Number of protein chains: 2
Amino acid sequence: MSTKERRLRAFAEREKVFLDAARELIASNGMLNLQMQRVAHLCDYSVGTLYLHFTSKEDMLLALLTERASERIKLFQTVARWQAGTRERMLGFVLADVIFARQQPLFFHLHQYLTTQVISAATSPSRRQQAHEVHQPLAAIFEAVIREAQACGDLPSSSLSPFQIGSGLWALSEGIHTLVHAEGLLDAYRIENPYQLLFQHVNALLNGLNWQPMCDLNNASSGQQLIECIVSAVFSDIDPLITAPLFSAIDQDSQ
Amino acid sequence: MSTKERRLRAFAEREKVFLDAARELIASNGMLNLQMQRVAHLCDYSVGTLYLHFTSKEDMLLALLTERASERIKLFQTVARWQAGTRERMLGFVLADVIFARQQPLFFHLHQYLTTQVISAATSPSRRQQAHEVHQPLAAIFEAVIREAQACGDLPSSSLSPFQIGSGLWALSEGIHTLVHAEGLLDAYRIENPYQLLFQHVNALLNGLNWQPMCDLNNASSGQQLIECIVSAVFSDIDPLITAPLFSAIDQDSQ
DNA sequence: GGAACACTATGAACGGGATTCATTTTTTGA
DNA sequence: TCAAAAAATGAATCCCGTTCATAGTGTTCC
């Protein structure tokens, strides 16, 4: 009975085709102008067929986001495999997130948009579930490093669970991204390189947790050197246009 | 030539009437079901008149958000006037933010929704500008405390500007709010009281900045006592239903 | 082979609601 | 009092997301 399997596979493949088309259309016209009609027509299918896959437009966008989770996880895994201290790897995770946001601004916006309650309510529960499952490994990866740090004495044991400890870094990172994308906010305060700022805050937080080896916050350039070092050790394959502004003084970022 | 002035005042008053109606309708039917028609009719005006005030629905929502900024600022000012150490006051700001988010969940959702680039793009530049201006005092208030801390030696001077230092706390706070509202995320990790977690992270970050007096992170209950103390000193007029879960172990929060 | 059946795909039509603008009403000032 | 200017109106428009009755295609079994 391979008929059914074959059909399922074909269905899954078609879903990818739709998502590719959606991505392409968003890339050229912006998320605001994405129309279900156009997605369907670009793939030579009818709208009805498109709606066999997604319960709504938002549902499709969430699928698009979920599809890309694996790339983010890959970046995290690269960091996790890196032979370095636990603290360096934690910084590496934050860096990975920044790189991801810069590499794929579209996905960052999608994430932000779909996290909103109003919009999230328009997605199907099953796809929300799927999105969660797919992101699970992200947390698992950094939890492992936190456990390792506690085991080897880099990090004092705490009443908090590893996830709870990590959530602080996660929130800090998420929050900076939000501030960065709140139009005009950073201009108003003449903050030129928000991501360098993020690393400073992360270092402060890690220091506050007594995560060894402690870092001298007054020496900003050594912090930048560390980032540069992580980039060349772990992310040497990433386009320098994306990574360079993270440790050099001048920010060429134009979002 | 008071005619013009009178008209302007009347216009501003009518805008308030519209915003009140919008708030009422959102409160009863949810943001998703807000219709411009209904807002206009509830005020006995035509849709056209409504559109003399707002360039779009999103523009109206942003106005609604901006209108409420003063309440948030009031909470901050209460904290700023409190006769206490600088570190306590910084915690107080974070607490004020949490209280605001719990008191006015609607405005929190609006904020989240309108910060999104997709939605923000649908608002008028002038209103975005206005929203910025109105929020300016928020930053000014906490910057003053940071300056004071540096002056009195609670906080070592740094190469970062006061705003830059504060932005870390701001981001952390914003990020936790985001995680809290990302449906199901906290359930998945059995995090019962995210705001207690926020205070722990804030304390870690402040410790990391060497903000005196340092706080013992292992003693969670003393942290909770501090929150309780701030609440009774500064926010005694706030409904205990809102403040109690912030320092007691059981979280009755149901968003 | 082909008839009956089940499963898929279709896209015109529907519906909901934001936005507009030609027209009417009100206010102003001489 | 009245023409000109300003403000208000709401029916009509337009735009899209979503649906569903119908047509098409593949499958099964005699």
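Throughout, a chain's letter reflects where its sequence line sits, starting with A, and its residues are numbered from 1. Bear in mind the structure is a predicted one, so any value in this text is a computation, not a measurement.
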Base versus backbone protein contacts along nucleotides 11-26 of chain C [heavy-atom cut-off under 4.0 Å; B, S, -]: B-----SSBB------

Rounded distance (Å) that lies between atom [atom2] of [N] and atom [atom1] of [X]:
X: His53(A); N: dG17(D); atom1: NE2; atom2: P; value: 18 Å
X: Leu50(B); N: dA8(D); atom1: CG; atom2: P; value: 12 Å
X: Phe11(B); N: dT27(C); atom1: CZ; atom2: P; value: 16 Å

Taking the inter-plane angle between the rings of Phe163(A) and Trp170(A) on a 0 to 90° scale, is it parallel (under 30°), tilted (30 to 60°) or perpendicular (over 60°)?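 Perpendicular: the ring planes of Phe163(A) and Trp170(A) meet at over 60°.
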
Only pairs under 3.5 Å count here: list side-chain donor-acceptor contacts from residues 35-45 of chain B, not counting sequence neighbours, and write none if there are none.
{"unit_1": "Gln35(B)", "atom_1": "OE1", "unit_2": "Arg38(B)", "atom_2": "NH2", "d": "2.9"}

Side-chain N,O ([X]) to OP1/OP2 ([N]) below 4.0 Å:
X: Arg14(A); N: dA9(C); answer: yes
X: Arg6(B); N: dT28(C); answer: yes
X: Arg7(B); N: dA6(D); answer: no

Any side-chain donor paired with an acceptor under 3.5 Å for Asp59(B) and Ser124(B)?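 Checked: Asp59(B)/Ser124(B) side chains pair up, N/O donor to acceptor below 3.5 Å.
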
Minimum heavy-atom separation for Arg127(B) and Ala63(B), please, with both atom names.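 The answer is NH1-CB, 3.3 Å.
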
Identify the heavy atoms of Arg102(B) and Leu241(B) that sit nearest to each other, and give their distance.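 Nearest heavy atoms, Arg102(B) then Leu241(B): NH2-O, 3.6 Å.
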
Stepwise side chain to side chain donor-acceptor pair (under 3.5 Å) check, His111(A) with Glu174(A): CA-CA 11 Å; His111(A) 167 72; Glu174(A) 189 101 19; 2.8 Å; yes

